[in-house]
Amino acid sequence: MCGIVGYIGHRNAYDIVIKGLKLLEYRGYDSAGITLLDNKTYLYKKKGKVSDLEESIKDLPKGGTLGMGHTRWATHGEPNDTNAHPHQSQNGKFIVVHNGIIENYADLKKTLLEKDYSFKSETDTEVFANLLEYFYLQGNMSAEETVRMALSRVVGAYGLVILCADEQDKIITARKGSPLVIGIGQGEYFVASDATPIVEYTKSVIYLNDDDVAVISRDGLQLKTIKSSQSIQPHIQEVDLNIGELDKGGYDHFMLKEIHEQPRSIADTFRGRILPDCSDISLGGLHEVWPKINNARRIIIVACGTSWHAGLVGEYLFEEYARIPVEVEYGSEFRYRNPIIYPDDVVIAISQSGETADTLAAIRIAKAQGALVLGICNVVGSSIPRETHAGVYTHAGPEIGVASTKAFTAQVTILTMMALKLASNRGTISQDKYRMAIKELTIIPEKIERALGSNEYIQYVSEKLKDSTNSIYLGRGYLYPVALEGALKLKEISYIHAEGYPAAEMKHGPIALIDEQMPVVVVATKDSSYEKIVSNIQEVKARKGIIIAIVTEGDTIIKNMAQYVIEVPETAEFLSPILSVIPLQLLSYYIAVMRGSNVDQPRNLAKSVTVE
Ligand code: F6R
């Protein structure tokens with residue numbers, strides 16, 4: 001949510017910042033801005049994409065070796081040039097870019113208005129810039145002291161990069177709740193909301209912790225906290241991310257690339273975690289906590305959006321195989337409803353970004369109440385893996401498309417491995433069945449490859465559906481979460497209204513919507529509910545709905561009932577979500593492209609939601 005890039009060193013700051021902002025644009029893209037300090041302050045901002053900003057300033061001065069930029073996902077104030085970051089204080093002393101929300105901004109603003117400060121924008125960030133200036137002009141403080149003092153008055157979440165016009169050789173950066181990474185080069189430093197814009201220049205990074213304040217000059221970096229001026233030793237890490245993973249690799253969109261990457265990303269997810277003879281699963285991150293998981297009274301899965309859908313698949317997996325009751329919770333609901341959590345509960349947080357604010361808050365509540373909290377995350381070093389007791393990375397590689405695809409299948413792969421291993425530990429699965437299940441998982445990548453082969457036919461179906469205004473997605477059992485995920489994918493990138501339902505629930509209300517205009521996508525591969533879902537398809541057919549069915553290769557029964565049939569290879573029921581979601585991802589992608597949507601950056605969305 002919002003992308004931040006800062007640079008101090010010996011190269012042209014503009015080039016580095018603008019390039020970095022383009023790489024971070026998936027985090028927010030309603031406006032962008034940049035500040036360069038080159039004896040004086042240059043501040044440029046523009047509504048729209050980073051490329052609009054670039055175009056608007058192409059003939060303006062862009063010198064200097066210190067600068068910062070921001071690409072925004074609006075929280076306070078509509079997207080326009082004025083509300084775009086960076087924000088400058090009234091007398092131009094401080095310039096700030098900010099990711100997050102300053103919750104007490106209204107109180108702070110009131111105080112500043114009484115001190116004759118005026119405001120150009122509607123943002124909480126401008127309030128903070130003026131607060132800095134107010135304190136700075138009051139007393140004999142350095143910029144760093146001013147920042148620490150002002151932050152002690154701020155309530156909320158932030159990743160901040162701050163420049164002071166009087167101290168042109170410094171960048172000050174601070175974190176609470178919104179991630180910031182500092183890249184360390186030779187006589188140069190980079191700051192960004194994630195490591196993506198940094199890895200081209202250096203792999204040595206410091207992930208700031210909550211309450212950290214870093215003061216960066218060309219000669220070095222000093223790490224302190226908001227409360228203490230005592231320097232602390234930074235923890236320097238090597239980041240495992242390659243620049244090659246950050247381009248579209250010849251595809252038109254990141255989303256399409258990421259859909260097609262799934263045979264590889266799933267293999268990466270289980271690589272090294274399955275013994276070569278398929279006799280066992282080994283999840284290194286859970287070694288020490290298995291005894292507690294094996295004896296869990298209950299598993300609570302917390303997540304948001306697509307990750308929540310993966311969590312629902314997890315519920316079916318854990319209950320079927322490990323025979324432990326599971327609850328799946330939205331992070332946003334869990335955190336505010338005073339949930340009952342027992343010390344022998346195991347809470348699993350699922351998140352691609354590892355930064356989702358609601359999921360993080362849920363983790364903190366569960367930890368405070370004594371539960372073992374595990375994370376399933378994709379972004380290495382992000383907040384959730386750092387705050388959980390233990391966990392497993394999905395290793396799907398960077399997901400840049402805003403609509404999550406390969407992260408979902410990787411999350412389900414991890415949940416599958418966890419559920420099988422837990423079942424084996426608890427003796428709720430026979431060893432023969434355990435081995436066969438593992439073997440079946442290892443051949444899923446080949447089957448996904450085959451499912452991707454329906455690409456052309458899915459384009460044909462998309463052409464027929466692209467002008468619909470509504471649609472219903474149905475599934476049963478393991479395929480119900482897939483129906484929810486298919487509907488979410490369609491609505492978020494094509495803006496067609498889509499509802500996912502358990503197929504049998506349709507008759508309790510949604511069936512009223514079905515007429516000859518209504519596309520009904522039914523996920524109906526051969527499994528234990530097959531006959532039941534065939535009956536549900538009959539019910540749709542009787543009301544003249546347009547039936548698009550995802551079926552197992554060779555299915556003839558549904559072929560005779562549905563207008564469009566998309567085949568996927570046969571697999572075991574517990575693996576069917578990983579396979580049957582593939583055509584739904586492609587369907588939403590092509591419909592969105594045909595409708596002219598910006599698939600990688602759909603309206604109003606951002607890749608990582610670091611505000612509640
Ligand atoms: C949908 C999508 C979102 C995310 C949700 C949680 O395609 O991407 O629904 O799944 O915002 O994000 P993470 O997984 O990063 O916690």
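Computed from a prediction, not measured in an experiment: that's the story for all the values here. In listed order, ligands and their atoms are each counted from 1.
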For residues 580-601, the ring-ring contact (aromatic ring centres under 6.0 Å, His included) pairs (sequence neighbours left out) are His253-Tyr589
May I have the N/O to N/O pairs between ligand 1 and the protein that fall below 3.5 Å, each with atom names and distance to one decimal?
| unit_1 | atom_1 | unit_2 | atom_2 | d |
| --- | --- | --- | --- | --- |
| ligand 1 | 7 (O) | Thr306 | OG1 | 3.3 |
| ligand 1 | 7 (O) | Ser404 | N | 2.9 |
| ligand 1 | 7 (O) | Lys489 | NZ | 3.0 |
| ligand 1 | 7 (O) | Glu492 | OE1 | 3.2 |
| ligand 1 | 7 (O) | Glu492 | OE2 | 2.5 |
| ligand 1 | 8 (O) | Val402 | O | 3.3 |
| ligand 1 | 9 (O) | Thr306 | N | 3.2 |
| ligand 1 | 10 (O) | Thr306 | N | 3.0 |
| ligand 1 | 12 (O) | Thr356 | OG1 | 3.4 |
| ligand 1 | 14 (O) | Ser307 | OG | 2.6 |
| ligand 1 | 14 (O) | Gln352 | N | 2.7 |
| ligand 1 | 15 (O) | Ser351 | OG | 3.4 |
| ligand 1 | 15 (O) | Gln352 | N | 3.4 |
| ligand 1 | 15 (O) | Ser353 | N | 2.8 |
| ligand 1 | 15 (O) | Ser353 | OG | 2.7 |
| ligand 1 | 15 (O) | Thr356 | OG1 | 3.4 |
| ligand 1 | 16 (O) | Ser351 | OG | 2.6 |
| ligand 1 | 16 (O) | Thr356 | OG1 | 2.4 |

Pairing residues for Arg476 by the side chain to side chain donor-acceptor pair (under 3.5 Å) criterion, not counting sequence neighbours:
Asn536
Lys19: partners by side chain to side chain donor-acceptor pair (under 3.5 Å), with sequence neighbours left out:
Glu200
Looking only at side-chain N and O atoms, does [Y] offer a donor or acceptor that is under 3.5 Å from a partner on [X]?
X      : Y      : answer
Gln411 : Thr394 : no
Thr306 : Glu485 : yes
Ser404 : Gln352 : no

